[in-house]
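Please read the structure below before turning to the comments.
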Amino acid sequence: MSGKNVTEVVLADAAGIAKAVQILESGGLVAVPTETVYGLAARADSAEAVAKIYAAKGRPDFNPLIVHVRDAEQAAEYAEWLDEADLAAGIHWPGPLTLVLPKRDEAVLAEAVTAGLPTVALRAPSHPVMRALLEAVPFPLAAPSANRSGFISPTTAQHVLASLDGRIDLVLDAGPTSQGLESTILAIDRHGTWRELRPGPVDSDALHRHHFDTGLPVSGQSGRAKARIEARIEAPGQLASHYAPGKPVRLNAQGAAPDEFLIGFGAVPGDCTLSASGDVNEAATQLYACLHQAARADQRRIAIAPVPDKGVGRAINDRLRRAAAPAG
Ligand code: AMP
Ligand code: MG
């Protein structure tokens, strides 16, 4: 907690951003719009500030945070900037791609940010408000999603208040986020092994194919010979139960029982519909808004229509499986 019990919501205009900068410099917590979801930002170089993130979210201390930076140059202050990282960032930064890389010994980061791991997760976001903050402060920003741990991620300022009102200093409101899902997380190790730790808006298979097509040398060896990708999802904190609306969730529903709130897709119309035209990209932007609406609804249970496992649909289904997993 940051010692306050009133959370102020301000427009993310010049005055709002100036206020946020002041709070961040003094070690406070600000919920900030990014192109993925709203993040709960604090200065990543301060143990006290980072501890407030874990406390406000009720986040387990083994679940490390993503460090947000301006660009590759700032990222290289914190991680071993491997050739593959340069390639991936060259294509997708600024944007919804997080890279998990070996941490540099001299990185000035609070220990808790990386939860004691020898690696660090880095992202340069594209949202103009988050970028304005990163330009204005000399330190990087640790920022997990701005929700209580395990609860639904926020894509609006109102969603942030649904679980963090009174627990953080400020929310910068810039309307709904554009991508609607958390970043793709890709781990790259010194051996040139790529691993997708979390599917998201960036298609890591396509990125990997591009890598093979260009035949970029990998750590001094042939990329074709050495690089490989493992699509296994495996990250500390990639807990089975997450994004949970606090009610039982039934997947692959073609219709609803009387006590179910139905989230529709394509031919299945719902109380809230992800995309009537069956577009997975539109569905990604609507997913958390529908889950928030379902959580608030009178119905005791939630049913969700099937979403094709293609493109960003893979990331949607990853989140839906976790929303449906029993807690604990
Ligand atoms: P959130 O900030 O809530 O989107 O969660 C960030 C995700 O990044 C969590 O699932 C973490 O497990 C993952 N993450 C952060 N740092 C690392 C790391 N060093 N190694 C692997 N996963 C990480
Ligand atoms: Mg989260």
Side-chain angles (χ1 to χ4, degrees), residues 29 31-42 44 50 52-54 56-69 75 78-80 82 85 96-104 107 109-125 127 130 140-155 159-160 162-164 168 177 179-190 193-202 204 230 232-245 284 287-288 291-292 315 318-319 321-323 325:
L29 299 183
V32 182
T34 80
E35 68 276 24
T36 59
V37 300
Y38 275 67
L40 183 58
V50 169
K52 288 180 190 169
I53 292 182
Y54 282 92
K57 282 183 62 85
R59 184 171 174 112
D61 61 6
F62 57 80
N63 193 354
L65 307 177
I66 295 172
V67 175
H68 294 73
V69 291
Y78 302 99
E80 302 293 340
L82 305 167
L97 176 68
T98 296
L99 297 173
V100 171
L101 298 168
K103 188 171 102 171
R104 283 181 62 172
L109 290 174
E111 190 70 28
V113 169
T114 52
L117 293 170
T119 52
V120 58
L122 291 157
R123 177 163 101 84
H127 195 289
M130 185 55 146
L141 294 172
S145 53
N147 53 273
R148 291 279 289 173
S149 187
F151 190 58
I152 310 162
S153 299
T155 54
H159 294 165
V160 174
S163 74
L164 291 178
I168 64 177
T177 64
Q179 302 277 347
L181 284 182
E182 299 82 354
S183 59
T184 301
I185 307 182
L186 189 62
I188 302 172
D189 71 14
R190 286 199 177 83
T193 303
W194 299 36
R195 273 187 307 138
E196 182 188 70
L197 302 183
R198 176 172 73 188
V202 165
S204 53
E230 294 167 17
R232 233 160 0 120
I233 310 290
E234 177 198 276
Q238 292 298 304
L239 305 172
S241 172
H242 213 82
Y243 318 104
L287 177 66
Y288 291 132
L291 283 171
H292 275 274
D318 167 66
R319 307 307 190 271
R321 277 192 297 277
R322 292 171 205 277

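Basis for what follows: all heavy atoms, side chains included, without hydrogens, waters or symmetry-related copies. Every number for a ligand or one of its atoms is a count from 1 in the order of the listing.
Using a distance-only test at 3.5 Å, with no hydrogens or angles considered, a donor-acceptor pair links the side chain of R59 to the main chain of P64. Side chain of Y54 to backbone of N63: a donor-acceptor contact under 3.5 angstrom is found. Although no hydrogens or angles enter the test, the distance criterion places no donor-acceptor pair under 3.5 Å between the side chain of T119 and the main chain of V100.
Interface of L117 with ligand 1, defined as ligand atoms under 4.0 Å from a residue heavy atom, comprises 18 (C), 19 (N), 20 (N). Shown in contact with V100 at under 4.0 Å from a heavy atom are these atoms of ligand 1, numbered in order with element: 18 (C), 19 (N), 20 (N). Close contacts of ligand 1 with L197, meaning ligand atoms under 4.0 Å from a residue heavy atom, involve 21 (C), 22 (N). In the vicinity of I66, heavy-atom distances shorter than 4.0 Å reach the ligand 1 atoms 6 (C), 8 (O). Listed by number with element, the atoms of ligand 1 under 4.0 Å from a non-hydrogen atom of A121 are 15 (C), 16 (N), 17 (C).
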Verdict with reasoning, E182 to R123, per salt bridge (charged side-chain N to carboxylate O under 4.0 Å, His left out): CA-CA 11 Å; E182 299 82 354; R123 177 163 101 84; over 6 Å; no

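When heavy-atom distances to ligand 1 are checked against a 4.0 Å cut-off, T119 comes that close through both its backbone and its side chain. Only the side chain of R59 comes within contact range of ligand 1, with a heavy atom under 4.0 Å; no backbone atom does. When non-hydrogen atoms are compared, ligand 1 lies under 4.0 Å from the side chain of I185 (C-beta onward) but not from its backbone. Of the heavy atoms in N63, only side-chain atoms (C-beta onward) come closer than 4.0 Å to ligand 1.
Taking all atoms of both residues into account, the shortest heavy-atom contact from A56 to L29 is CB-CD1, 3.7 Å. Nearest approach of N147 to P154, heavy atoms of both residues: OD1-CD, 3.5 Å. Considering every non-hydrogen atom in both A75 and V69, the closest pair reads CB-CG2, 4.0 Å.
In the candidate list E182, R195, R198, R198 is nearest to atom 1 (P) of ligand 1, counting heavy atoms.
Taking T184 as the reference, nothing meets the side chain to side chain donor-acceptor pair (under 3.5 Å) condition, with sequence neighbours excluded.
Using the six-membered ring where Trp is involved, F151 and H292 have ring planes that are perpendicular, over 60° apart on the 30 and 60° scheme.
P199 has its side chain within reach of R319: a pair of non-hydrogen atoms, C-beta onward, lies under 4.5 Å apart. Considering only heavy atoms from C-beta on, P140 comes within 4.5 Å of Y78 through its side chain.
Under 2.8 Å from the Mg ion (ligand 2), one finds the following protein N/O/S atoms: S145 OG.
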